[in-house]
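These notes concern the structure reproduced below.
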Amino acid sequence: MEIASKYNPIDTEDKWYAYWTENGFFKSVPDEREPYTIVIPPPNVTGVLHMGHMLNNTIQDILIRRARMQGKNACWVPGTDHASIATEAKVVERLRTQGVEKSSLTRDMFMRHAWKWKEEHGGIILEQLKKLGASCDWSRTCFTMDNVRSSSVIKVFVDLFNKGCIYRGVRMVNWDPKAQTAVSDEEVNYKEVQSKLYYLKYYVSRDDNPAEPSGAYIVIATTRPETILGDTAVCVNPNDDRFRHLAGKRVLVPLINRSIPVIEDDYVDMEFGTGCLKITPAHDINDYEIGIRHNLESIDILNNDGTLSEKAALFVGEDRFAVRSKITESLRESGNLVKVEDYVNKVGFSERTDVPIEPKLSMQWFLKMKELAKPALDAVMNDEVKFHPSNFKNLYRHWMENVKDWCISRQLWWGHRIPVYYLADGSFVVAETDAEAVNAARIKTGNNELTVADLRQDEDVLDTWASSWLWPVSVFDGFNPDNREIDYYYPTNDLVTAPEIIFFWVARMIMAGYEYRGTFPFRNVYFTGIVRDEQGRKMSKSLGNSPDPLLLIEQYGADGVRVGMLLCSPAGNDIRYKDSLVEQGRNFANKIWNAFRLVKSWKVSNDIPQPESSTIAVNWFANRLQHEMRQIDDLFDKYRISEALMAIYTLFWDEFSSWYLEIIKPAYQQPIDGKTYAATTGFLDDLLRLLHPFMPFITEEIWHHLAKRKAGESIMMSPMPQPKPFDEQLLQQFEKLKEAITFIRTIRKDKGISFRETLELFVLKGDDGYNATFNPVLEKMGALSLITEVSSKVENTVSFFVKSSEYFIPMASSINVEEEMAKLNAELQHAESFLESVMKKLNNERFVSSAPEKVVATERQKQADAEAKIKALRESIAKL
RNA sequence: GGGCGCUUAGCUCAGCUGGUUCAGAGCAUCUGGUUUACACCCAGAGGGUCAGCGGUUCGAAUCCGUUAGCGCCCACCA
C-alpha cells in the first residue's frame, strides 16, 4: 500500500466524524459508571463560529475525550442560547430590509418571524463545531427557549417571586434606544469618545418674578446640551464661596425660560468645569440621586427610541443627536452659548446594538441577589468550586461582596415572557400558566367569574441570563422532581468559559446551583483567554482581523488547528493568534503521519535476533513513556492542558521520533526483528491514545491503519494507558548517553566530518557520565567503529566531558592546537568559577550548619565533579 | 478615583512550598545537510544582571518593601 508522504486531513476528518456519530460514541445515558459531565457554554443562536469558540470548545473536547477514554461515562451537552437582544435585533433588521417595521406587527406575528429565523440560522454554529471534532452528545441538544428550558425559567421566576426575592420598581436603568429595552450594567461598554464641553449661560431669575431674568447669570458646563430641556435644578457645592450669593435663588433654563432652583450638594466637584452643575434627574444616574435627595421633579424628555418627547417642549420627535447640534445653534443665537471646548469623555454603549446608552427611569423587575450570593461566594472561596487559574477568585469575591440587584426584565418580545398577570385594578398575580393565573386571580379577588380575558400578561421578557444561569440544571430537566438524569449527571465536572462572563454567567450559575440543587453546578471552572490578533487586538468583526475558522480547518486540518490554538494558551492567558501556530499544529500532524509511515514500511522478520541497541532503546522508551504519562496526568490534574500537550508533543517528536525510531531503524531495505517491531507498534498505539483527545482525527486514522480493527472499534472508545512505575535512574543515564552522542555530532560538524565516515572513540571513565551497557546505541548513533575504554588520556584527539567521564576522538588530520587550547581554557575557566561559587557556599559555616543535609551533599558532589574535571582539563592542556 | 494582576531569550510564555528541574520550553534566528519516514524535515549553535533599587536569609527569578512601565476589572466628573 502506498501511503502519501503528506498527511491530508480533508480525506479523513469527515469520514471519522460520521463513523463516530453513526456508532453513537458521543451518546451518554446514565449507568453504573462514574459520570463526567460538561455543559457547553451555549453560543448565541445567531452566532457563527469564531476563534474564541474554537479554543473554548477544543479544550472541552479534550477534557471530555480524555474522560471517556478513562472509562467514565462522558457526557457533553450542547445547545444554543436564544440571546434575546442580539437575536431580536437581527430579526428586526431582517424585517426592515423586507420593508416591515416591528411596530407594525403584533407580538405573535413577530414571534413567528423570529422562530423562523431561528430555524434557519440556529443550527449553523453547532454544525461548525462538528468540523472541529466536538464530541457532544447531539441527541441532547438544548435551546434556552425550548419547552423544558422555558418552563424551567418560568418555574424559577414564580418560585423566587413567592420567596419574596423578586420585586418591581422604578429605577434608573441603562436604556438601549435602538433595541428599545433596558440592559444590565454588564451589557454596557464604556468607550472614550471625542466630544465637546458646552459652556452655557443660565440667567438668574428676578427675585420678584421668577419667570423674568435679572441681569446676572451663571455658566454651567455640559456635554449634553440637549438635556437642558429636562433640567430641574442647578447645583453648586455648598463650600464654594463663588456661588454663595446664589443660595436660594432660581435660574432660567435657556430657550424655554423655565425657572428652576439653585441647590447645594457635596457631589459637585468645585474644580471641574465652572463648578456649576445642571441637574437632569431623568437622564443621569447621579442627577437622579441628587434629585431624590433634594426632592426634585423628573422631566423625562426622551421617547423610548431616543427622540425628544412632548415634555421637552422643543425639537419634539427629533433624535437626541440631531437635537444636540440644533440646540447648540439655538443657544448660540440666543446668546446663551459662551464657548465650546474639545473634550474626551467616556460614554456607555450598548454591547448588543453599539448605540449610546441613555440612563432612563423605568418600571422594571428586579431579583434580590444578596442572599443568593452568599453560598456562591463561599463555594468559590473555599475551593468547593475551583477556579483555574485561581487568581480569578479575587475578582469574583469583589463582585459578589458588592453584588447589586439584578434587573431581569427586558422590553423585548424574543424571550421568556414574564409570568405576571395584571388585573384591571393594576394588582397582579404570578403564575406558571394562564390557567393557574386565572385561578390565582379568582382566589385573590374572590370573583369566580374571572377569565383569562380579564388578565393582561406583562409585556416584558426576561433577561437572557435568567435562562442561562439555570443551564447546568435545566439541560437535565432538573426542575422536574424525581428525575434520574439530574441525579446522575449533576453536579457537572468542568466548565470552560471566558473570564468576561464570570459575573453574567458563572457566578449566577453557582447561585442557582445552590438555590435549586443545594450544591455547586460544577467542580472546576477553566477560564480561557481572549484570542487576539498578532498586534494584541481583540478579534472582532468590525476590525476584520479574525480568520475564518472553517477556512483554517480546511487549510490546516482540525487537528492542526486544535493543536495550534492550544499550544500557547495556558489557562487565563490571552493568546495571540498567528498562522504560524496552526502551521505548527499541521506540521506536528504530518510528523505523526510520517513516523507511522516509517513503522508501517518495515518488513518484519521473526528469524533475526533483536539487535542489542534495540533492546536498550525499547527498554529506555518504555520507561520514558511511563515517566511522561505520569507527567501528563499531573498536568491534567492541574488543568495545565497546553503544557500537557507540549509534553506529548516533545515526547512524540523528540524522544520517540528523533531518538527511539532512529536507534531501532533497520538499515536500508533490511527487515526489522519481530520483537522490536511489536514493541514499537505498542508504543505507537500508546502514543496515539495519549494524543487522541488533542488530535482526534489523525489518531483514529492511524490507529485503524496500525492493526486490523473490528467493525465499530474506535480509538476514542479504547482505554487511556495508565502510568506504571518506571526506572528513574535509567532515564537519567540515558540522558547522559544522549549528551555524549550530541557532543560527537557537534565535533563532526565542527570538523566537517561526514556522518558516513565512522569514527573511533576512547573513553576515560569517571564516576558518572559513561555507561558501557549503552555502547551499542552509542556506536550506532555516533557512527562509531570502535569504543575503547582507556585508563589515561589519548593523544591527538578532540575530547569532551560528560560529567566526570572524558571522551576522546582521534583525528586523522592534525589537531589545531591553538583552537583546542582555547576551547579547553574556556572550559577550564568555566569549571573554576563554578567551583569557586560552590566553595563559597561550602566554606560558609552557616550554610553547612543551617542548610538541609541533602543540599549540602549535592554541593559536595558538585565540588568533587568540578575538581575532577579541572584536574583532567589541566592535564589535557599540559599535554597540548 | 478604588481594586487586582503582570514585567524572565527577538516573540509567546513555564518556572508550584526559597536550595539539582534554576536560569527553562516552543517559535523565530544562524550554520550545516539529496543519511529514501517526514524540507510541513534532519543535525548543530548562539541568545537572558529573571524591569530598577533596597531588605529578609547561610542562600532570592522565587519572600517583603519601593520605583517605573504595562494590562485587566469596578466606579465614574458634568
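On a predicted model such as this, the values are computed, not experimentally measured, just so you know. Chain naming here is simple, since letters A, B, ... match the order of the sequence lines and numbering starts at 1 in each.
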Quiz item: How would you list, by chain and number, every residue that makes a side-chain hydrogen bond (donor to acceptor under 3.5 Å, both in side chains) with A/Asp342, sequence neighbours excluded?
Solution: A/Lys196
Quiz item: Which residues in residues 581-590 of chain A have at least one heavy atom lying under 4.0 Å from any atom of RNA chain B?
Solution: A/Gln584, A/Arg586, A/Asn587, A/Asn590
Quiz item: Counting side-chain heavy atoms from C-beta on, which of B/C27, B/A37, B/C77 comes nearest to A/Tyr649?
Solution: B/C27
Practice problem: State whether the distance check finds a donor on one side and an acceptor on the other, under 3.5 Å, for side chain A/Glu662 versus base B/A43. | Solution: no
Please tabulate, for side-chain N and O atoms in residues 227-239 of chain A, each donor-acceptor pair with protein atoms closer than 3.5 Å (sequence neighbours left out).
from: A/Thr227; atom 1: OG1; to: A/Arg224; atom 2: O; distance (Å): 2.8
from: A/Thr227; atom 1: OG1; to: A/Lys278; atom 2: NZ; distance (Å): 2.7
from: A/Asp231; atom 1: OD1; to: A/Lys278; atom 2: NZ; distance (Å): 2.8
from: A/Asp231; atom 1: OD1; to: A/Thr280; atom 2: OG1; distance (Å): 2.8
from: A/Asp231; atom 1: OD2; to: A/Tyr202; atom 2: OH; distance (Å): 2.4
from: A/Thr232; atom 1: OG1; to: A/Glu297; atom 2: O; distance (Å): 3.0
from: A/Asn237; atom 1: OD1; to: A/Asn239; atom 2: N; distance (Å): 2.8
from: A/Asn237; atom 1: OD1; to: A/Asn239; atom 2: ND2; distance (Å): 3.4
from: A/Asn237; atom 1: ND2; to: A/Val268; atom 2: O; distance (Å): 2.8

Exercise. Go through B/C74, B/C38, B/A78 for me and flag the one nearest to the A/Arg597 side chain.
Key: B/C38
Quiz item: Base, sugar-phosphate, or nothing for A/Arg748, non-hydrogen atoms under 4.0 angstrom?
Solution: nothing
Quiz prompt | Nearest listed nucleotide, side chain of A/Asn394, among B/C4, B/A14, B/A37 | solution = B/C4
Quiz prompt | B/C40 base / A/Lys6 side chain donor-acceptor hit below 3.5 Å | solution = no
Practice problem: Can you sort out the partners of A/Trp659 under ring pair (Phe, Tyr, Trp, His ring centres under 6.0 Å), two or more places apart, ordered by chain and number? | Solution: none
Quiz item: Considering only side-chain heavy atoms of A/Asn594, which listed nucleotide, B/U20, B/C76, B/A37, is closest?
Solution: B/A37
Practice problem: With sequence neighbours left out, write down each residue that passes side-chain hydrogen bond (donor to acceptor under 3.5 Å, both in side chains) with A/Asp654, or none if nothing qualifies. | Solution: none
Quiz item: Out of B/U20, B/C73, B/G19, which has the shortest distance to the side chain of A/Phe847?
Solution: B/G19
Quiz item: Any N or O donor-acceptor pair linking the side chain of A/Lys578 to the base of B/U12 at under 3.5 Å?
Solution: no
Quiz item: With rounding to whole Å, what would you report as the distance between B/U49 and B/A45 at their C1' atoms?
Solution: 24 Å
Quiz item: Considering Watson-Crick and G-U wobble pairs with both distances under 3.5 Å, what does B/C41 pair with?
Solution: B/G33
Exercise. Could I get the full list of ring pair (Phe, Tyr, Trp, His ring centres under 6.0 Å) partners for A/Tyr288, not counting sequence neighbours?
Key: none
Exercise. Quick one: label A/Lys196 by what it contacts on the DNA or RNA (base, sugar-phosphate, nothing), any heavy atom closer than 4.0 Å.
Key: nothing
